[in-house]
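Scroll down for the structure; my scribbles are underneath it.
Worth knowing before you read on, the calculation uses all heavy atoms, side chains too, and leaves out hydrogens, waters and symmetry mates. None of these values were measured; they are calculated from a predicted model.
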Amino acid sequence: MSLSTAAPCTIEVMRLRHHIGRLSLGRRVALRALSAFLIAFAFLRAVTAIIHFNLFPRGPFHDVVTASGLHVHHLFWGILLLMVTGFVALATRDAAWHLRIAVVFGVALALTLDEFALWLRLADVYWTTEGLESLKAAAVAAALLAVYGFGQPAWHAVVREVLGTTRRSS
């Protein structure tokens with residue numbers, strides 16, 4: 001890739017970072033949590049499919065089962081992480097920590113909501129029709145984070161930037 005094609009991309013990234021940096025702390029936290037949530041949720045779905053359909057029998061992904069035969073769902077780890085992030089968020093007032101904790105919170109939210117149908121029905125319905133409730137819950141959570149994170153100030157800044165860029169180039 002030549003420098004001439006890389007430069008516009010770099011400029012756009014810098015503009016995006018500038019607009020995100022101007023957002024309130026709450027909105028930046030929501031955007032970080034949303035990003036981590038979407039990445040972790042997609043990763044969890046892929047890993048769970050690999051395990052369920054035994055795609056890599058000798059691979060690194062397997063169910064976590066205790067010596068007594070108890071299957072530990074990833075919902076368990078999500079709840080633990082939510083407890084930790086909740087405590088840290090309450091214990092600190094430092095903006096930098098809130099931005100860091102947002103990433104962990106997004107992962108915890110993905111671990112928990114990926115098995116929403118399990119904790120709603122108290123049955124392992126992940127691969128059934130009822131398991132779609134987890135996808136719906138994840139979509140609602142992602143939408144709420146996105147609406148808050150990309151709220152009116154962010155959209156107005158993007159529209160102003162696009163209109164300003166369009167006017168300059170014509």
Side-chain angles (χ1 to χ4, degrees), residues 9 12-13 16-17 19-21 23-151 154-155 158:
C9 181
E12 295 305 318
V13 168
L16 181 62
R17 283 186 179 173
H19 289 301
I20 290 174
L23 294 175
S24 69
L25 175 63
R27 290 184 191 276
R28 286 185 289 152
V29 164
L31 291 175
R32 283 195 181 197
L34 174 64
S35 300
F37 172 74
L38 292 173
I39 291 167
F41 193 83
F43 178 77
L44 285 168
R45 282 279 153 172
V47 168
T48 307
I50 288 169
I51 293 170
H52 180 74
F53 296 110
N54 203 22
L55 297 178
F56 300 109
R58 291 190 170 93
F61 304 116
H62 303 284
D63 285 332
V64 176
V65 181
T66 64
S68 64
L70 175 66
H71 176 193
V72 181
H73 290 266
H74 53 272
L75 166 68
F76 171 77
W77 305 110
I79 292 170
L80 286 178
L81 278 177
L82 285 174
M83 291 173 13
V84 169
T85 58
F87 174 75
V88 172
L90 291 172
T92 183
R93 297 289 176 247
D94 183 13
W97 272 102
H98 281 261
L99 291 169
R100 289 179 190 124
I101 266 307
V103 174
V104 180
F105 177 79
V107 171
L109 196 59
L111 286 163
T112 306
L113 288 181
D114 188 46
E115 295 200 309
F116 174 77
L118 171 73
W119 51 278
L120 180 65
R121 298 182 175 279
L122 297 178
D124 194 356
V125 294
Y126 194 91
W127 295 105
T128 67
T129 313
E130 290 88 3
L132 293 175
E133 292 164 343
S134 296
L135 295 174
K136 293 175 185 175
V140 168
L144 290 173
L145 285 169
V147 164
Y148 183 75
F150 290 114
W155 289 117
V158 168

With heavy-atom distances below 4.5 Å as the criterion, would you say the side chains of [X] and [Y] are in contact?
| X | Y | result |
| --- | --- | --- |
| L111 | L81 | yes |
| L25 | L99 | yes |
| K136 | V140 | no |
| F87 | I101 | no |
| V72 | T66 | yes |
| D63 | I51 | yes |

Just by distance, do the side chain of [X] and the backbone of [Y] share a donor-acceptor pair under 3.5 Å?
| X | Y | result |
| --- | --- | --- |
| S35 | L31 | yes |
| T85 | V104 | no |
| E133 | A117 | no |

Hey, what do you get for [atom1] ([X]) to [atom2] ([Y]), rounding to the nearest 0.5 Å?
| X | Y | atom1 | atom2 | value |
| --- | --- | --- | --- | --- |
| D124 | R121 | CG | CZ | 12.5 Å |
| L75 | L80 | CG | CG | 9.5 Å |
| L82 | T112 | CG | OG1 | 4.0 Å |
| L34 | F150 | CG | CZ | 6.5 Å |
| L118 | S134 | CG | OG | 8.0 Å |

I need the minimum non-hydrogen distance between [X] and [Y], along with the two atoms involved.
| X | Y | value |
| --- | --- | --- |
| F105 | A33 | CD2-CB, 4.1 Å |
| L113 | A141 | CD1-CB, 3.4 Å |
| V147 | R27 | O-NH1, 4.4 Å |
| Y126 | T48 | CE2-CG2, 3.2 Å |
| A142 | L38 | CB-CD2, 4.0 Å |
| R32 | A102 | CB-CB, 3.9 Å |

Inset, instruction - Give every residue pair that meets the salt bridge (charged side-chain N to carboxylate O under 4.0 Å, His left out) criterion with at least one member in residues 38-58, sequence neighbours excluded. - result: R45-D114

Legend entry - Output field: ring centroids W119/F76 closer than 6.0 Å: no

Legend entry - H62: ring-ring contact (aromatic ring centres under 6.0 Å, His included) partners, not counting sequence neighbours: none

Legend entry - H52 and W127 aromatic ring geometry - parallel, tilted or perpendicular at 30°/60° bounds: parallel

Inset, instruction - For side chain to side chain contact (heavy atoms under 4.5 Å, CB included), just list the numbers for N54 and F61, CA-CA rounded to whole Å, side-chain angles, deciding distance to a tenth of an Å, and then say yes or no. - result: CA-CA 9 Å; N54 203 22; F61 304 116; over 6 Å; no

Inset, instruction - Evaluate whether atom CH2 of W97 has more than 12 neighbouring non-hydrogen atoms of other residues, nucleotides or ligands under 6.0 angstrom away. - result: no

